[in-house]
Amino acid sequence: MEIISRLLENYYYFVSMVLFIIGIHTMLTHSNLIKKVIGMNIMDTSIFLFFVSIGYRRGGMAPIIQPGVEAEMYVNPLPSALILTGIVVAVSVTAYALSLIVELYKQYGTCCANEIAQIRAREES
Amino acid sequence: MKDIVIRTVCRVIVPFVQVYGLYVIFHGHLSPGGGFAGGAILGSSMVLFALSFHLEAGAQKLGHETSSYLESGGGIWYILIGLLGLALGSNFLTNRAAGLGFGLPGQLFSGGMIFLLSLGIGVKVASTMFTLFYNLSEEEGSGGDHQ
Amino acid sequence: MEVNPYVAVGILLLMAYVFFYLPAGYIRHVLIVLLVFIIGYALVMTVSEMPTFGAVDTPAHNVVPERYLGRAPEETGAVNVVTAIITDYRAFDTLGEVVVLFVAIVAALSNLKAR
Amino acid sequence: MPLLDFFLLSFLIVSAVAVARTRDLLSAVIIFAAYSLVMAIIWQMLGAPDVAITEAALGAGVTTFLFLATISKTQRLE
């Protein structure tokens, strides 16, 4: 089986793929809103793991320049710089989603998305 | 929370955490770290203080007015340093190409304006994290009577 | 592997239908499992055709990281290349990120303090 | 596959499944903090210490207390 041997060769990519599937399954099946936000965070970290593992070079050093070391000995610094932006944006999105959840709990008295949908359907009818 | 152990340990630990946060901010161009990580450590130290004592005590150390001024000031400081590169006859947000570089690479004062930009980012991230935590955990009518 | 564009648009429409309109129940659960299997199949096909993990000659190591790694100390004065990228080469990106933080806290405060 | 990589990556998958399966939200948040800390160790091993220190401060610290503040204002059980 060629695909399985490729997957075992690229095991970091495989693990990030599994984490993405776990995150999206958590987001789609659970009706609790806080659990949905945790699933979104798991999806975020899986994509960050994928990006950083693309830039890895086997036996490479961290990209802090030391004198007398050639440029081929360091790992790729560009995915690290992009992911550093992504972590802060993920925290901002999480904080805004949590403030929305607090307001929803004040309005409806529950954190369950299905119950909120039922209450809204009852109010509209 | 009225635990004497937690209060004593936090009173000893918080200054060291803040010094470490400032170290991470100012040595961002020499060692791992930078504005975001150091700012998050500074904000976490203030949240630790507010959790171990009282939420009101944390608000006395860093009030809402001061926090909002720090937050806006971090962004404006960043833009002002960018305009400094523009005033010296180069593009927006350039430092060493505009003639601002000084020092040899590897020393503390070597990166041009990099550590000033990191200071702005760090102050902004720290005040943002503390304000978010304070507004999320504040009670409704009792004026921040937590726990 | 070639992906039919009609299949891709169909998957997106199924995802939107499941996520926004379908009420909770047995059919929703079956469709969610089907959707997760489709996404997993696409991800397995993608990962099995990626270049090998940790190889020296991956396509990600092109001329841009070579330039950053080779000339960052003399062009920016910073030894740490990641800090040189985020505060010198791509400082405008970081300005946008500061704006993102500001918008996040303004949105959260206007949400929590609105009454 | 090196042994340390195997242990850390399998810990990631197991803790992600545990977060999805736990009914108690406080336990889920604490397991998620452990997940973030192991993720920081993996990034240090991948040669990205900047991302590791930022994740250890923001992902395992700030995200956890934002979640805890929200849970203390809403319900704890799912």
Side-chain angles (χ1 to χ4, degrees), chain B residues 25 27-37 39 64 67-68 71-72 74-79 81-82 85 91-97 100-107 109-118 120-121 123-125 127-138 140, chain C residues 19-20 24 47 50-115:
Chain B
I25 287 176
H27 285 247
H29 55 289
L30 300 179
S31 61
F36 297 108
H64 277 176
S67 182
S68 58
E71 211 177 301
S72 315
I76 293 173
W77 173 253
Y78 196 95
I79 296 175
I81 291 179
N91 291 325
F92 186 61
L93 281 169
T94 52
N95 50 18
R96 202 172 172 102
L100 283 175
F102 42 83
L104 289 174
Q107 293 174 350
F109 293 103
S110 68
M113 286 297 156
I114 283 181
F115 69 99
L116 292 177
L117 289 179
S118 294
I121 298 171
V123 166
K124 182 164 177 53
V125 172
S127 59
T128 299
M129 294 309 160
F130 182 70
T131 314
L132 275 177
F133 171 75
Y134 190 79
N135 283 294
L136 268 178
S137 65
E138 183 180 43
E140 189 56 35
Chain C
F19 201 61
F20 290 118
V47 164
M50 290 287 289
T52 311
F53 168 72
V56 181
D57 53 351
T58 52
H61 295 282
N62 51 10
V63 69
V64 183
E66 295 291 327
R67 160 70 183 258
Y68 285 160
L69 284 171
R71 301 190 58 188
E74 66 199 45
E75 279 185 352
T76 68
V79 182
N80 190 357
V81 184
V82 178
T83 305
I85 290 174
I86 65 170
T87 52
D88 197 311
Y89 287 113
R90 302 189 175 200
F92 209 78
D93 185 9
T94 311
L95 177 61
E97 192 177 351
V98 168
V99 174
V100 166
L101 270 174
F102 191 74
V103 169
I105 192 166
V106 165
L109 283 188
S110 69
N111 204 0
L112 288 171
K113 297 290 179 188
R115 65 182 61 92

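Residue numbers start from 1 in every chain, and the chains themselves are labelled A, B, ... in the order their sequence lines are given, proteins ahead of strands. The shown structure was predicted, so the numbers you read here are calculated from the model rather than taken from an experiment.
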* To do: Output the distance between atom CE (B/M129) and atom CD1 (C/I105), rounded to the nearest 0.5 Å.
  => 8.5 Å
* Minimum side-chain heavy-atom gap B/N91-C/F92 below 4.5 Å -> no
* To do: Pick one of side chain, backbone, both or neither for C/A108, based on which atoms fall under 4.5 Å of a heavy atom in chain B.
  => side chain
* Structure fact -> Interface check, chain B: of C/V81, C/L109, C/T83, most non-hydrogen pairs under 4.5 Å belong to C/T83
* Around atom CZ of C/F53, are there more than 12 heavy atoms of other residues, nucleotides or ligands at under 6.0 Å? -> yes
* Can any side-chain N or O of C/T87 pair as donor or acceptor with the backbone N or O of B/I114 at less than 3.5 Å? -> no
* Asked: At what distance, to the nearest 0.5 angstrom, does CZ of B/F36 lie from OG1 of C/T94?
  -> 5.5 Å
* Considering only heavy atoms from C-beta outward, does the side chain of B/W77 approach that of C/V98 to under 4.5 Å? -> no
* Asked: Which region of B/T94, side chain (C-beta onward) or backbone (N, CA, C, O), has a non-hydrogen atom less than 4.5 Å from a non-hydrogen atom of chain C, or is it both or neither?
  -> neither
* Checking B/L117 against chain C: side chain, backbone, both or neither under 4.5 Å from a heavy atom? -> side chain
* Asked: Which region of B/I79, side chain (C-beta onward) or backbone (N, CA, C, O), has a non-hydrogen atom less than 4.5 Å from a non-hydrogen atom of chain C, or is it both or neither?
  -> side chain
* Which atoms of C/E97 approach chain B - backbone, side chain, both or neither, heavy atom under 4.5 Å -> side chain
* Asked: CG of C/L101 to NZ of B/K124: how many Å apart, nearest 0.5 Å?
  -> 6.0 Å
* Return the minimal non-hydrogen interatomic distance between C/A91 and B/Y78, and the atom names on each side. => O-OH, 3.0 Å
